[in-house]
Engineer: 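Sharing a structure with you now.
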Amino acid sequence: MKLLKVLSLVFITTTTTLSIAQNKGNDKESSSIEQQFEELYKKSSSYQKYKVIDKKAYSDLKRNVVNSIKGLESTINSKQGSITSLETESKSLKDQITELNQKLDASLAQENEISFLGINLTKTSYNLLVWSIISILIVLLVFFVYRFKNSNTVTKNTKIAFNDIEEEFELHKRKSLENEQKLRRKLQDEINKQRGV
């Protein structure tokens with residue numbers, strides 16, 4: 001008798017659950033899987049220490065779980081594809097960044113170097129070399145200008161002294177000539193005196 005009461009109770013519960021499940025079929029698909037398990041557990045009837053679950057409700061829940069799992073697998077696969085493409089793109093961008101950094105370093109190194117007579121020098125070394133050469137040339141120019149002015153002064157003084165000496169020589173020459181002429185006259189006078197005496 002007890003068995004009959006339990007079976008009738010299970011039958012009534014099953015029919016009630018089946019009708020409710022059909023009415024709320026769309027709601028079950030939209031509710032979460034955990035809520036669907038809770039609802040199935042609440043609607044199921046008990047037999048001794050076991051729960052009796054309606055087959056239709058179980059198959060609906062199974063279908064919903066399988067659909068959810070398929071949807072999640074599809075989402076996971078699409079996300080994994082996105083992650084893979086993003087990783088590939090990220091690696092490509094990292095490679096481009098590395099290449100650009102290398103080009104930038106090479107460009108900066110080239111910008112900071114100057115080729116002078118086939119020798120690569122940094123800008124600081126080049127500036128130091130150029131200013132050293134300019135300083136040496138300025139010192140040499142000042143030295144040669146000083147030497148030129150000195151030589152020019154000596155030359156002018158020598159010319160002036162030469163002109164003075166030349167004038168003195170001409171004067172001395174004239175005086176010597178006059179003295180010689182006087183001496184010749186005197187000599188001639190003496191010769192004439194000696195002859196005439």
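Predicted, not measured: the structure shown is a model, and the values here were computed from it.
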Engineer: Is the backbone N or O of Glu73 less than 3.5 Å from a side-chain atom of Asn77, with the two atoms forming a donor-acceptor pair by type?
Structural biologist: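 Checking the backbone N and O of Glu73 against the side chain of Asn77, a donor-acceptor pair under 3.5 Å is found.
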Engineer: Kindly work out whether a path of hydrophobic side-chain contacts (I/L/V/M/F/W/Y, heavy atoms less than 4.5 Å apart) joins Trp131 to Tyr126.
Structural biologist: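 Yes.
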Engineer: How many angstroms lie between CZ in Phe144 and CG in Asn150, if you round to the nearest 0.5 Å?
Structural biologist: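 That separation rounds to 13.5 Å.
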Engineer: Could you name each residue pair satisfying salt bridge (charged side-chain N to carboxylate O under 4.0 Å, His left out) that touches residues 88-109, not counting sequence neighbours?
Structural biologist: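 Qualifying pairs: Glu99-Lys103.
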Engineer: According to a hydrophobic-cluster definition based on side-chain heavy atoms being under 4.5 Å apart (Ile, Leu, Val, Met, Phe, Trp, Tyr only), do Leu137 and Leu129 belong together?
Structural biologist: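 Same cluster.
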Engineer: Identify whether the distance between the nearest side-chain nitrogen and carboxylate oxygen of Lys186 and Asp189 falls below 4.0 Å.
Structural biologist: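 No, no charged N to carboxylate O under 4.0 Å.
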Engineer: Return the OG to NZ distance between Ser82 and Lys79, rounded to the nearest 0.5 Å.
Structural biologist: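 Interatomic distance, Ser82 OG to Lys79 NZ, rounded to 0.5 Å: 6.5 Å.
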Engineer: Just verifying a value: how many Å separate Asp164 CG and Leu171 CG, rounded to the nearest 0.5 Å?
Structural biologist: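 CG of Leu171 is found 12.0 Å from CG of Asp164.
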Engineer: Would you say that Asn157 contacts Thr153 through its side chain, given a criterion of any heavy-atom pair below 4.5 Å between the two side chains?
Structural biologist: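 The answer is yes; the side chains approach within 4.5 Å.
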Engineer: Arg184: what forms a salt bridge (charged side-chain N to carboxylate O under 4.0 Å, His left out) with it, not counting sequence neighbours?
Structural biologist: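 Residues passing salt bridge (charged side-chain N to carboxylate O under 4.0 Å, His left out) with Arg184: Glu180.
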Engineer: If Ile, Leu, Val, Met, Phe, Trp and Tyr residues are connected whenever their side-chain heavy atoms lie under 4.5 Å apart, and connections chain through other members, are Ile160 and Val154 in the same group?
Structural biologist: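 Result: no, two separate clusters.
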Engineer: Spell out, yes or no, whether Leu187 and Leu183 are grouped together once hydrophobic residues are joined by side-chain heavy atoms under 4.5 Å, including indirect joins.
Structural biologist: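 As far as the 4.5 Å side-chain criterion goes, Leu183 and Leu187 are not connected within one cluster.
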Engineer: Could you give the distance from NE2 (His172) to CD (Glu166), rounded to the nearest 0.5 Å?
Structural biologist: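 It is 14.5 Å, given to the nearest 0.5 Å.
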Engineer: For Arg147, does its backbone N or O pair with a side-chain atom of Ser151 as donor and acceptor, under 3.5 Å?
Structural biologist: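 Present.
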Engineer: Applying the 4.5 Å side-chain criterion to the ILVMFWY set and letting contacts propagate, would Val145 and Val139 be lumped into a single cluster?
Structural biologist: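 Per the 4.5 Å side-chain linkage, Val145 and Val139 are not co-clustered.
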Engineer: Between atom CD1 of Ile134 and atom CG of Asn127, what is the distance when rounded to the nearest 0.5 Å?
Structural biologist: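 One finds 9.5 Å between CD1 of Ile134 and CG of Asn127.
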Engineer: Quick one: pull up CD in Glu168 and NZ in Lys175 and give me the separation to the nearest 0.5 Å.
Structural biologist: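 If I round to the nearest 0.5 Å, the distance is 10.0 Å.
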Engineer: So does Lys70 get a backbone contact from the side chain of Ser74, meaning a donor-acceptor N/O pair under 3.5 Å?
Structural biologist: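 Side chain of Ser74 to backbone of Lys70: no pair is present.
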